K.L.:
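This structure is in structure tokens; I'll ask about it shortly.
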Amino acid sequence: MTAPLLAPAPAAVRAASQATYAAFIAAGFVFASWASRIPTIKHGLHLSPSGLGRVLLVLAVGAVLSLPLAGPLVGHFGSRRVVTGMSLLLAVGLAGVGLGYLSGAVAVAAGGFFLGMANGAWDVAMNVQGALVERHLGFSIMSRYHAGFSVGTVGGALLGSAMIALDVPVTAHLLGVAALTAVTVPWLVRGFLPDAAEPHHGDGPAVGHFAGWKEPRTLFIGLFVLAFAFGEGTGNDWVAVALNDGYDVPAAIGTLGFAAFLAAMTTGRWVGPHLLDRYGRVPVLRLLTVVALAGLLLFVFGHWPAVAFLGALLWGFGVALGFPVGMSAGADEPALAASRVSVISSIGYCAFLGGPPLIGFLGQQFTVVRAMLAVAVLLGVAMLVVGNVRPPSADRPIVDA
């Protein structure tokens, strides 16, 4: 194998790492800003659980449609331009949700479609950049980038809780976040490394944008990520609603429960590199699956809000590493990283496509709190396929930090 002709300077790699953190934090902040107002939108528009599920489904459709195209977009335009463009489209979608709230559920769903499209492509592009920076740094850092996403979600959730407590209208809140996103994100990601800095190996495999769809390991990793994405996405979309409806707490307290879930997930992602380097991907993820299941049972059967809060904490910590480890596993071999990350993200985001209507339907039949048990089923599937995230046994170079 040959080294890249022009390796980026250490200062450029550090700047790219900071820019990658910024991209993840901003994505999390924007997402949680929207998610924190879901209970208000539900009650303000008089939506049933299944009606809310249909609105969330439209957002997920937008994301799933954009994900298979994200790999080719990144390959053609580069991750910096894709994140920049998607941040502007996301701002448009978020503004559409805020203004649509004044009209009804159809208008909210229309804005959500563009929000989902932008979020999906942004997600793939920043993960590709994160994998590139990780290789140049020479040590595992991907889960900490995802911790940055969680930091952003905690900030967005806390701001949302404050907006609810202060009785700030949904429209004003979301329009403000949209404007902030459009102005700041293009500036924050200027430090991304050019994707051409990716090492090219003359003896490597032929690379096609859709090659990952033919690889069993990549598909199983996608299934694994789907299960954890369902657990994460259900928490993001429904924890606040379940606390409001199932435990009869005020909207601001339900949003604080959402923030607790996100804070636990952030903690898990920050300590993730130490756990993964010491014990390995597969043992750590098996243990965390058990933790997530225990948290789910406490959340569903806790009877008291305090017990449900504890369950949300364990649930959030347990699902913390599934998505970032899946991204790292997809990027284990650099030559196919963009293709594989796109495939894995596409499969994983099917959880966001099927999850909202499934939880909404089950919530209509059995209450939203009991519907959370569906997460346990998919986490059981994840336990069966977790071995696929183990790094390939082929010899790979170690880069000193």
Side-chain angles (χ1 to χ4, degrees), residues 24-25 27-29 31-36 38-39 142-161 224-244 246-247 249 253-276 284-302 304-327 348 351-352 355 359 368-369 371-376 378-379 382:
F24 274 85
I25 291 169
F29 179 81
F31 171 78
S33 297
W34 137 255
S36 69
I38 290 175
M142 181 68 84
S143 73
R144 288 191 176 173
Y145 292 143
H146 284 261
F149 180 90
S150 297
V151 167
T153 60
V154 172
L158 291 176
L159 176 63
S161 183
F224 169 84
V225 168
L226 182 148
F228 273 83
F230 185 74
E232 181 180 339
T234 299
N236 287 335
D237 289 343
W238 293 97
V239 160
V241 173
L243 287 169
N244 294 158
Y247 287 90
V249 300
I253 300 301
T255 303
L256 285 177
F258 170 49
F261 172 85
L262 295 174
M265 192 157 53
T266 303
T267 302
R269 286 175 172 171
W270 190 256
V271 302
H274 172 72
L275 295 175
L276 294 167
V284 168
L285 287 167
R286 282 179 176 152
L287 176 61
L288 289 182
T289 303
V290 173
V291 172
L293 288 169
L296 277 163
L297 293 176
L298 288 175
F299 189 89
V300 173
F301 299 111
W304 295 284
V307 177
F309 265 69
L310 175 60
L313 288 169
L314 293 175
W315 176 2
F317 189 85
V319 299
L321 296 183
F323 204 98
V325 169
M327 296 300 101
F352 301 120
I359 296 298
V368 171
V369 174
M372 302 301 184
L373 291 173
V375 176
L378 278 180
L379 287 178

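If you're wondering where the values come from, they're calculated on a predicted model, not measured in any experiment.
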K.L.:
Which donor-acceptor pairs under 3.5 Å do side chains of residues 257-267 form with protein atoms, sequence neighbours excluded?
P.N.:
residue	atom	partner	partner atom	Å
Thr266	OG1	Ser150	O	3.3
Thr266	OG1	Leu262	O	2.8
Thr267	OG1	Ala263	O	3.0

K.L.:
Do any pairs count as a salt bridge (charged side-chain N to carboxylate O under 4.0 Å, His left out) and have a residue in residues 262-273, sequence neighbours left out, and if so which ones?
P.N.:
Glu232-Arg269
K.L.:
Can you list the residues that meet the side-chain contact (heavy atoms from CB on, under 4.5 Å) rule with Leu288, with sequence neighbours excluded?
P.N.:
Val284, Phe317, Leu321
K.L.:
Using the test side-chain contact (heavy atoms from CB on, under 4.5 Å), find all partners of Leu298 that sit at least two apart in sequence or belong to another chain.
P.N.:
Val307, Leu310, Leu314
K.L.:
Check whether any side-chain heavy atom of Tyr247 sits under 4.5 Å from a side-chain heavy atom of Ile253, and report yes or no.
P.N.:
no
K.L.:
To the nearest 0.5 Å, what is the distance between CZ on Phe149 and CZ on Phe29?
P.N.:
12.5 Å
K.L.:
Would you indicate whether the side-chain heavy atoms of Met327 and Tyr145 approach each other to under 4.5 Å?
P.N.:
no
K.L.:
Determine whether a donor-acceptor pair (N or O, by modelled atom type, separation under 3.5 Å) exists between the side chain of Ser36 and the backbone of Ser33.
P.N.:
yes
K.L.:
If you take all heavy atoms of Ala242 and Val369, which pair is closest and at what distance?
P.N.:
O-CG2, 3.7 Å
K.L.:
Excluding sequence neighbours, so at least two apart, what forms ring pair (Phe, Tyr, Trp, His ring centres under 6.0 Å) with Phe224?
P.N.:
Phe228
K.L.:
Tell me, please, which residues at least two apart from Leu287 pass side-chain contact (heavy atoms from CB on, under 4.5 Å).
P.N.:
none
K.L.:
So Leu373 and Leu297, do their side chains get closer than 4.5 Å, heavy atoms only?
P.N.:
yes
K.L.:
Just wondering, do Val249 and Leu256 contact through their side chains at under 4.5 Å, heavy atoms?
P.N.:
no
